Amino acid sequence: MGTYSTNTKALQTYSTLGLDESSGEVSGCPQVLSVLASVLEKSVQKNEKLFKSSRKKESVTIFHGSIAPPLSIRQYIERISKYAKCSPSCFVVAFIYMERYIQRTNSYFTSLNVHRLLITSVVLAAKFIDDECFNNAYYAKVGGVSTGELNELEWEFLSSLDFRLHVTLDDFDEYCMRLEKEGAGSCQIERAFRLCGQKGSRLMKDEPKCTPVFSGYTCRAI
């Protein structure tokens, strides 16, 4: 993806979403998390209302669960951010991947598939743009699925995208501005803004303590 934009407007957008590298690391919640949650929640509500009114049947994919998880989209994103420790930029890139998947498969975000699409896309984004990442066994605990299932989800997602994970700076900026328009309120910046895939071997993070099982939400619960 190259380096981040030096365009003044783009830099202001990065700052608003909590992606501004110059701000350093500050504890708190990057605005991008709440904005992305809001965008996905609205999309799910709109799509499910459409399915209900048109009586159109939703195409079932590997990303669909039998029931909607007890965690809201917002809670799930916050959990991923807390334990996966990926940069805020990962969530923008993950959203781009999710929309690419939806467009390529002619599917829709619903309460039955959005959680699996989220964890899969964030894992791929973290591996592609961050300096360090965890292994799939750890990410599976964060996402509430088994390691085997996450491996299957990752492969299916990559195959649907023809393994094309590159995101241009123009596309990244476009999605940032789109998210900024959807945003409301303010959150503090959590992590530094990073866009480039790094050269050399990817470092594996040491696993922090993560609660892999919580009420109503265990492996294969989503």
Side-chain angles (χ1 to χ4, degrees), residues 17-19 25 27-41 43-44 63 65 68-102 109-147 149-154 156-158 165 167 175-176 179 183 187-194 202 204-222:
L17 293 176
L19 312 178
E25 294 203 14
S27 62
C29 171
Q31 176 81 346
V32 66
L33 303 185
S34 60
V35 174
L36 177 57
S38 178
V39 169
L40 292 175
E41 286 167 354
S43 181
V44 166
F63 294 95
L71 285 185
S72 68
I73 295 173
R74 189 175 302 272
Q75 291 172 321
Y76 195 60
I77 288 177
E78 289 174 351
R79 175 178 171 82
I80 293 173
S81 176
K82 178 180 179 179
Y83 292 112
K85 304 295 184 183
C86 52
S87 65
S89 300
C90 278
F91 290 91
V92 179
V93 175
F95 183 43
I96 295 174
Y97 291 165
M98 290 175 74
E99 291 223 318
R100 285 180 180 178
Y101 173 83
I102 291 297
F109 294 129
T110 71
S111 59
L112 298 181
N113 68 11
V114 68
H115 293 74
R116 279 188 174 88
L117 287 170
L118 257 172
I119 187 62
T120 307
S121 60
V122 170
V123 167
L124 289 173
K127 291 179 179 180
F128 195 73
I129 73 170
D130 274 357
D131 298 351
E132 302 175 2
C133 64
F134 296 109
N135 58 36
N136 276 16
Y138 179 76
Y139 285 128
K141 292 179 182 179
V142 174
V145 296
S146 69
T147 304
E149 183 173 10
L150 182 57
N151 290 340
E152 292 176 3
L153 294 174
E154 186 177 30
E156 177 64 25
F157 199 101
L158 282 168
L165 298 182
V167 175
Y175 271 81
C176 284
L179 290 171
C187 288
Q188 293 182 348
I189 296 169
E190 179 185 55
R191 296 283 304 270
F193 170 59
R194 286 186 295 222
R202 182 182 292 106
M204 299 302 293
K205 293 181 179 179
D206 294 329
E207 297 185 9
K209 290 184 179 180
C210 168
T211 304
V213 178
F214 42 99
S215 179
Y217 194 83
T218 58
C219 287
R220 296 206 178 266
I222 63 171

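Since this is a predicted model, take the numbers as computed values, not measurements.
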Determine whether Leu124 and Val93 satisfy the following criterion, side chain to side chain contact (heavy atoms under 4.5 Å, CB included), listing intermediate values before the conclusion. CA-CA 9 Å; Leu124 289 173; Val93 175; over 6 Å; no
Hey, does [Y] have a side-chain heavy atom less than 4.5 Å from the side chain of [X]?
{"X": "Pro88", "Y": "Leu33", "answer": "no"}
{"X": "Ile96", "Y": "Arg100", "answer": "yes"}
{"X": "Phe91", "Y": "Ile80", "answer": "yes"}
{"X": "Val167", "Y": "Val92", "answer": "no"}
{"X": "Val123", "Y": "Phe134", "answer": "no"}
{"X": "Phe63", "Y": "Glu156", "answer": "yes"}
{"X": "Tyr76", "Y": "Ile119", "answer": "yes"}

List for me each residue that meets side-chain contact (heavy atoms from CB on, under 4.5 Å) alongside Glu41, sequence neighbours excluded, and say none if there are none.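 With sequence neighbours excluded, Glu41 shows a side-chain contact (heavy atoms from CB on, under 4.5 Å) to Ala37, Ile73, Arg74, given in chain and number order.
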Say whether, by atom type as modelled, one donor and one acceptor occur between the side chain of [X] and the main chain of [Y] under 3.5 angstrom.
{"X": "Asn136", "Y": "Leu150", "result": "no"}
{"X": "His115", "Y": "Gly65", "result": "no"}
{"X": "Ser34", "Y": "Gln31", "result": "yes"}

Atom [atom1] in [X], atom [atom2] in [Y]: separation rounded to 0.5 Å?
{"X": "Thr120", "Y": "Asn151", "atom1": "OG1", "atom2": "CG", "answer": "10.5 Å"}
{"X": "Asp130", "Y": "Ser87", "atom1": "CG", "atom2": "OG", "answer": "3.5 Å"}
{"X": "Leu17", "Y": "Leu36", "atom1": "CG", "atom2": "CG", "answer": "10.0 Å"}
{"X": "Met98", "Y": "Ser43", "atom1": "CE", "atom2": "OG", "answer": "8.5 Å"}

Closest approach of [X] and [Y], non-hydrogen atoms and distance?
{"X": "Leu71", "Y": "Arg79", "answer": "CD1-CD, 4.3 Å"}
{"X": "Cys86", "Y": "Val122", "answer": "SG-CG1, 3.8 Å"}
{"X": "Ala125", "Y": "Cys90", "answer": "CB-O, 3.5 Å"}
{"X": "Ser121", "Y": "Tyr97", "answer": "O-CD1, 3.9 Å"}
{"X": "Leu112", "Y": "Ala68", "answer": "CD2-N, 3.5 Å"}
{"X": "Pro30", "Y": "Gly18", "answer": "CB-O, 4.3 Å"}

Name all residues meeting the side chain to side chain donor-acceptor pair (under 3.5 Å) criterion together with [X]; count only those two or more places apart in sequence or in a different chain, and write none if there are none.
{"X": "Ser38", "result": "none"}
{"X": "Tyr101", "result": "none"}
{"X": "Gln75", "result": "Ser72"}

For Phe95, enumerate each residue passing the ring pair (Phe, Tyr, Trp, His ring centres under 6.0 Å) test, keeping only those at least two apart in sequence or located in another chain.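 If we apply the ring pair (Phe, Tyr, Trp, His ring centres under 6.0 Å) test to Phe95, skipping adjacent residues, the hits are Tyr175.
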Identify, with sequence neighbours excluded, every residue that meets salt bridge (charged side-chain N to carboxylate O under 4.0 Å, His left out) alongside Glu154.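 Glu154: salt bridge (charged side-chain N to carboxylate O under 4.0 Å, His left out) contacts with Lys127.
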